[in-house]
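What you see is a predicted model; the values in this text were computed from it and never measured. Every chain is numbered from 1, with letters handed out A, B, ... down the list of sequences.
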Amino acid sequence: MKPSFEHVWNLTEQEAIQLQTHLAKKVISSDEFLTIDYVAGVDVAYSKYNNTLIAGIVILDMRSLDVTESVVVEDDASFPYIPGLFSFRELPPVAKAFSQIKTVPQLVVCDGQGVAHPRRFGLACHLGVLYDIPTIGCGKTRLCGEYIEPSPERGSSSPLIDQTEIIGNVLRTQTNVKPIFVSVGHKISLPTANQIVLQLATKYRLPETTRQADQLVNARLKR
DNA sequence: GCGACAG
DNA sequence: ATCTTGTCGC
C-alpha cells in the first residue's frame, strides 16, 4: 500500500505547523466509502534504549475481527515528541510498515486524535489525507477541547467541544470504564466513526484494531 | 508569565 | 510512550 502523494519529513517545528494548516483543508468529514471488508489498526511504541520507534499494523476482517495480515517495522526516531506535532514523529515508521501491507483496508483506526487537534489535523487526519483513505482518530486521553463526563453505561457519549466547534466524541465503550476520544480522521462522519468504534470495542475499552496492533508491537518491543 | 499538552 | 510504589476512590 502506497501514499497518494509524498512530502518531506525533516521539517522544523514552524514548518510542520504550516504544513498542518495547509493539509487540514483537505480533510473530508463526510462518509466516503461503501462497504468495509477490511479494517486496519495502527500502533507505535518507543524504545528509549536505542531511540527507535516500532510501528505495527494489523488488518482485521471486519466481520469476524480475525487478523488477516500484520507487519512490524523498527525505525529511528528522528522527530521529537511535541504535543500537536505527533504525526511528524510517528508517521514515517507507519508509512514504512504500510509499504509492506498487501491487503488494502477500507478504513484505518488510528491510535491518536483526528480533527480533535488544535489545528484540526491530528495523526489520523494526516494518515488519511496522505493515503486518501477513510480514518478514525481514537485517543486514550484528551489533547484539546472540553466536555462533560458521559453517563457510565457503555454506548453513552458527549461532544468534545473546542470554542464553538464540535471536534469529537467522548465515548464510553465499557460500562464504568474511562471513556475514549473519537474524532474524524478523513472521509468519515463523526456519527459513523462513533458507531464503528463502539462496534469494534465490544469486549475492551479500546477497539479491537488498536488492541491487536498494540499486542503485536509490544511482542517485538519486549525482546 | 503560568499551565496544559495525542503517544 | 516508558519506568515504577504506594495510594486513593468506589
Side-chain angles (χ1 to χ4, degrees), chain A residues 9 13 16-17 19-20 23-24 27 41-58 72-97 108-130 135-147 149 151-153 160-163 165 167-186 190 193 197 201 205-207 209-223:
Chain A
W9 291 102
E13 190 170 334
I17 290 174
L19 181 57
Q20 285 186 327
L23 291 178
V27 171
V42 179
D43 191 38
V44 181
Y46 175 61
S47 176
K48 62 182 290 189
Y49 300 107
N50 42 13
N51 191 41
T52 56
L53 294 167
I54 297 167
I57 296 179
V58 292
V72 188
V73 302
E74 191 163 355
D75 213 350
D76 291 332
S78 51
F79 199 91
Y81 169 65
I82 301 170
L85 297 179
F86 196 34
S87 59
F88 292 91
R89 177 176 174 82
E90 304 240 327
L91 279 192
V94 168
K96 188 175 174 181
V108 184
V109 179
C110 301
D111 197 350
Q113 315 292 352
V115 297
H117 176 281
R119 290 169 291 281
R120 309 290 180 261
F121 198 70
L123 173 73
C125 302
H126 203 153
L127 199 160
V129 169
L130 270 190
T135 58
I136 294 174
C138 200
K140 294 184 282 291
T141 62
R142 182 196 73 102
L143 173 59
C144 67
E146 293 149 29
Y147 63 98
E149 199 68 18
S151 307
E153 67 275 10
L160 181 63
I161 299 169
D162 191 9
Q163 308 301 316
E165 194 177 349
I167 59 176
N169 249 349
V170 187
L171 174 66
R172 190 86 64 179
T173 55
Q174 298 296 324
T175 299
N176 293 330
V177 174
K178 279 192 2 172
I180 62 177
F181 298 80
V182 178
S183 58
V184 169
H186 190 47
L190 183 55
V197 169
R205 179 190 176 219
L206 299 176
T209 43
T210 303
R211 231 180 53 79
Q212 292 287 353
D214 182 75
Q215 194 174 309
L216 183 70
V217 161
N218 279 308
R220 165 67 72 93
L221 186 64
K222 291 166 184 169
R223 63 174 194 82

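With sequence neighbours left out, the side-chain hydrogen bond (donor to acceptor under 3.5 Å, both in side chains) criterion links A:Gln174 to no other residue. Partners of A:Arg211 according to the side-chain contact (heavy atoms from CB on, under 4.5 Å) rule, which considers only residues two or more places apart in sequence or in another chain, are A:Tyr204, A:Glu208, A:Gln215. With sequence neighbours excluded, the residues that form a salt bridge (charged side-chain N to carboxylate O under 4.0 Å, His left out) with A:Asp111 are A:Lys140. For the side-chain contact (heavy atoms from CB on, under 4.5 Å) test, residues two or more places apart in sequence or in another chain that qualify with A:Val72 are A:Ile54, A:Leu216, A:Arg220. Under the rule for a salt bridge (charged side-chain N to carboxylate O under 4.0 Å, His left out), A:Glu13 has no partner lying at least two apart in sequence or in another chain. When the side-chain contact (heavy atoms from CB on, under 4.5 Å) test is applied to A:Val170, the partners found at least two apart in sequence or on another chain are A:Tyr147, A:Pro150, A:Ser158, A:Leu160, A:Pro179, A:Phe181. In this view, A:Thr135 and A:Val108, A:Cys110, A:Ala124, A:Leu127, A:Ile133, A:His186 satisfy the side-chain contact (heavy atoms from CB on, under 4.5 Å) rule, not counting sequence neighbours.
The ring of A:His126 has its center closer than 6.0 angstrom to the ring center of A:Phe88.
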* **Letter per nucleotide, 5' to 3', of nucleotides 3-10 of chain C [B base touched, S only sugar-phosphate touched, - untouched; heavy atoms, 4.0 Å]** => S-------

* Asked: Given Watson-Crick or G-U pairs with both distances under 3.5 Å, what dot-bracket string fits DNA chain C, with | for other-strand pairs and [ ] for crossing?
  -> ..........

* With pairs defined as Watson-Crick or G-U wobble and both distances under 3.5 angstrom, please note down DNA chain B as a dot-bracket string, | for pairing with another strand. => .......

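In this structure the side chain of A:Val44 never reaches within 4.5 angstrom of the side chain of A:Arg89, judged on heavy atoms. A 4.5 Å side-chain heavy-atom check between A:Ile167 and A:Ser183 finds every atom pair outside the cut-off.
Judged by distance alone, the side chains of A:Ser78 and A:Asp76 never bring a donor and an acceptor atom under 3.5 Å apart.
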Contacts under 3.5 Å, N or O only, protein and nucleotides 5-7 of chain B:
residue: B:dC5; atom: OP1; partner: A:Arg142; partner atom: NH2; Å: 2.8
residue: B:dA6; atom: OP2; partner: A:Tyr81; partner atom: OH; Å: 2.4
residue: B:dA6; atom: N7; partner: A:Gly84; partner atom: N; Å: 3.1
residue: B:dA6; atom: N6; partner: A:Gly84; partner atom: O; Å: 3.1
residue: B:dA6; atom: N6; partner: A:Leu85; partner atom: N; Å: 3.4
residue: B:dA6; atom: N6; partner: A:Phe86; partner atom: N; Å: 3.1
residue: B:dA6; atom: N6; partner: A:His117; partner atom: NE2; Å: 3.4
residue: B:dA6; atom: N1; partner: A:Leu123; partner atom: N; Å: 3.1
residue: B:dA6; atom: N3; partner: A:Gln113; partner atom: N; Å: 3.1
residue: B:dG7; atom: OP1; partner: A:Lys140; partner atom: N; Å: 2.7
residue: B:dG7; atom: OP2; partner: A:Thr141; partner atom: OG1; Å: 2.6
residue: B:dG7; atom: N7; partner: A:Tyr81; partner atom: OH; Å: 3.4

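Residue pairs that meet the salt bridge (charged side-chain N to carboxylate O under 4.0 Å, His left out) test with at least one member in residues 44-56 of chain A, sequence neighbours left out, do not exist here.
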